[in-house]
K.L.:
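If you scroll down you'll find the structure; I have some questions about it.
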Number of protein chains: 2
Amino acid sequence: MEKHTSVCDMRGYLTFLILWIVRKKSLSGAEISEEIAKRKGCKPNPGTIYPALKDLVKKKALSINSKKGKEKCYSLTPLGKEVLDFATKSFCKIFYDVMAR
Amino acid sequence: MEKHTSVCDMRGYLTFLILWIVRKKSLSGAEISEEIAKRKGCKPNPGTIYPALKDLVKKKALSINSKKGKEKCYSLTPLGKEVLDFATKSFCKIFYDVMAR
DNA sequence: ATCTCCATATTGGATATCCAATATTGGTTA
DNA sequence: TAACCAATATTGGATATCCAATATGGAGAT
């Protein structure tokens, strides 16, 4: 099993995944982590997810639109939508035949 | 345009792509580069593709099965098939709803 | 108020990814 | 043969990706 991941470790595309996950509704960092865990099998480290979120906010692809207590909710900005759109097209062109059933 | 890629640069998954591309027929390094170029929009550098191929050979996921002159043809080994299978499943689980038209 | 829990955040470092530049090698052509 | 070209290969370095460990800060409980 780790024999496989050591050959082909499926790193990358974290920022793409984050943008994709929040595209419909805004979520907190913990909720985003949870959703990533569902997809990848394990939760990303705090040291992975929070810097990534911070960076996306800095680059104005995400905004923080509400904070109930300590929880911050992240949502796509107009720029974020644009970026996600572009990235999704690119993604589909690269991997167009991988998902084919 | 580079505004977009600077936010979400779609790095990664090169080894997965390579395995995916040679899954049906063995190809030379140049042909693999060509196919990647079709998908990603630009050809990977020699300094990117050849070390990646070498590494996959070292890890016994690819084998070199014929050389007509300088061209080496790479094809999946049984282990490579296994790895690709595992990686494809993982990929589909992570991105299951991205390609959904 | 103090304690505890949990989401958030930061730091440092290991590894991966990729490119630019350059070198090598084998086939082809003059 | 020498010159040339294209595929392959290597080196060095910039950046990205991610984790382990640790810190901060707010909310609720005791």
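Order of the sequence lines sets the chain letters (A, B, ...), proteins ahead of strands, with each chain counted from 1.
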K.L.:
Ion pair present between D97(A) and R39(B), side-chain N to carboxylate O less than 4.0 angstrom?
P.N.:
yes

K.L.:
Measure from CG on L27(A) to P on dA7(C) and round the result to the nearest Å.
P.N.:
14 Å

K.L.:
Roughly how many Å is it from NZ in K43(B) to C1' in dC18(C), rounded to a whole number?
P.N.:
17 Å

K.L.:
Can you figure out which of dA9(C), dA20(C), dT8(D) approaches the side chain of P46(A) most closely?
P.N.:
dA9(C)

K.L.:
Using C1' atoms of five pairs at each end, report the bend of the helix from dA1(C)-dT30(D) to dA30(C)-dT1(D) rounded to 10 degrees.
P.N.:
10°

K.L.:
Is it the case that the side chain of T48(A) and the backbone of P44(A) share a donor-acceptor pair, with hydrogens and angles ignored and the cut-off at 3.5 Å?
P.N.:
no

K.L.:
Choosing from dT8(C), dC18(C), dT8(D), which nucleotide comes nearest the side chain of S28(A)?
P.N.:
dT8(C)

K.L.:
So I49(A) and S33(A), side chain to side chain contact (heavy atoms under 4.5 Å, CB included) or not? Walk me through it.
P.N.:
CA-CA 7 Å; I49(A) 192 73; S33(A) 287; 3.7 Å; yes

K.L.:
Could you state the atom-to-atom distance from OH of Y74(B) to P of dA7(D) in whole Å?
P.N.:
13 Å

K.L.:
Check whether any side-chain N or O of T77(A) sits under 3.5 Å from a backbone N or O of S63(A) as a donor-acceptor pair, and report yes or no.
P.N.:
no

K.L.:
dG26(C) C1' sits how many Å from I64(B) CD1, rounded?
P.N.:
15 Å

K.L.:
Do the rings of Y13(A) and F91(A) sit parallel, tilted or perpendicular, given the 30° and 60° boundaries?
P.N.:
perpendicular

K.L.:
Regarding E34(A) and K38(A), does a basic nitrogen lie under 4.0 Å from an acidic carboxylate oxygen?
P.N.:
no

K.L.:
Using whole Å, report how far CZ of F16(B) lies from C1' of dT17(C).
P.N.:
17 Å

K.L.:
Which part of the nucleic acid, if any, lies within contact of G47(A), taking any heavy atom under 4.0 Å across all strands shown: a base, the sugar-phosphate backbone alone, or nothing?
P.N.:
base

K.L.:
Whole angstrom is fine here: how far is it from CD1 in I18(B) over to P in dT8(D)?
P.N.:
12 Å

K.L.:
Of the listed nucleotides (dC18(D), dA7(D), dT8(C)), which one gets closest to any side-chain atom of L14(A)?
P.N.:
dC18(D)

K.L.:
Identify, residue by residue, the members of residues 48-59 of chain B with a heavy atom below 4.0 Å from DNA chain C, and return them in order of residue number, or none.
P.N.:
T48(B)

K.L.:
Please test F16(A) against T88(A) for side chain to side chain contact (heavy atoms under 4.5 Å, CB included), starting from the C-alpha separation and ending with a verdict.
P.N.:
CA-CA 8 Å; F16(A) 174 65; T88(A) 304; 3.7 Å; yes

K.L.:
Report yes if at least one side-chain N or O of N45(B) is closer than 4.0 Å to OP1 or OP2 of dC18(C); otherwise report no.
P.N.:
no

K.L.:
Which one, dT8(D), dT8(C), dA9(C), comes nearest to the side chain of K72(A)?
P.N.:
dA9(C)

K.L.:
Do S28(A) side-chain atoms and C73(A) backbone N/O form a donor-acceptor pair below 3.5 Å?
P.N.:
no

K.L.:
Between D55(A) and K59(A), is the closest basic N to carboxylate O distance under 4.0 Å?
P.N.:
yes

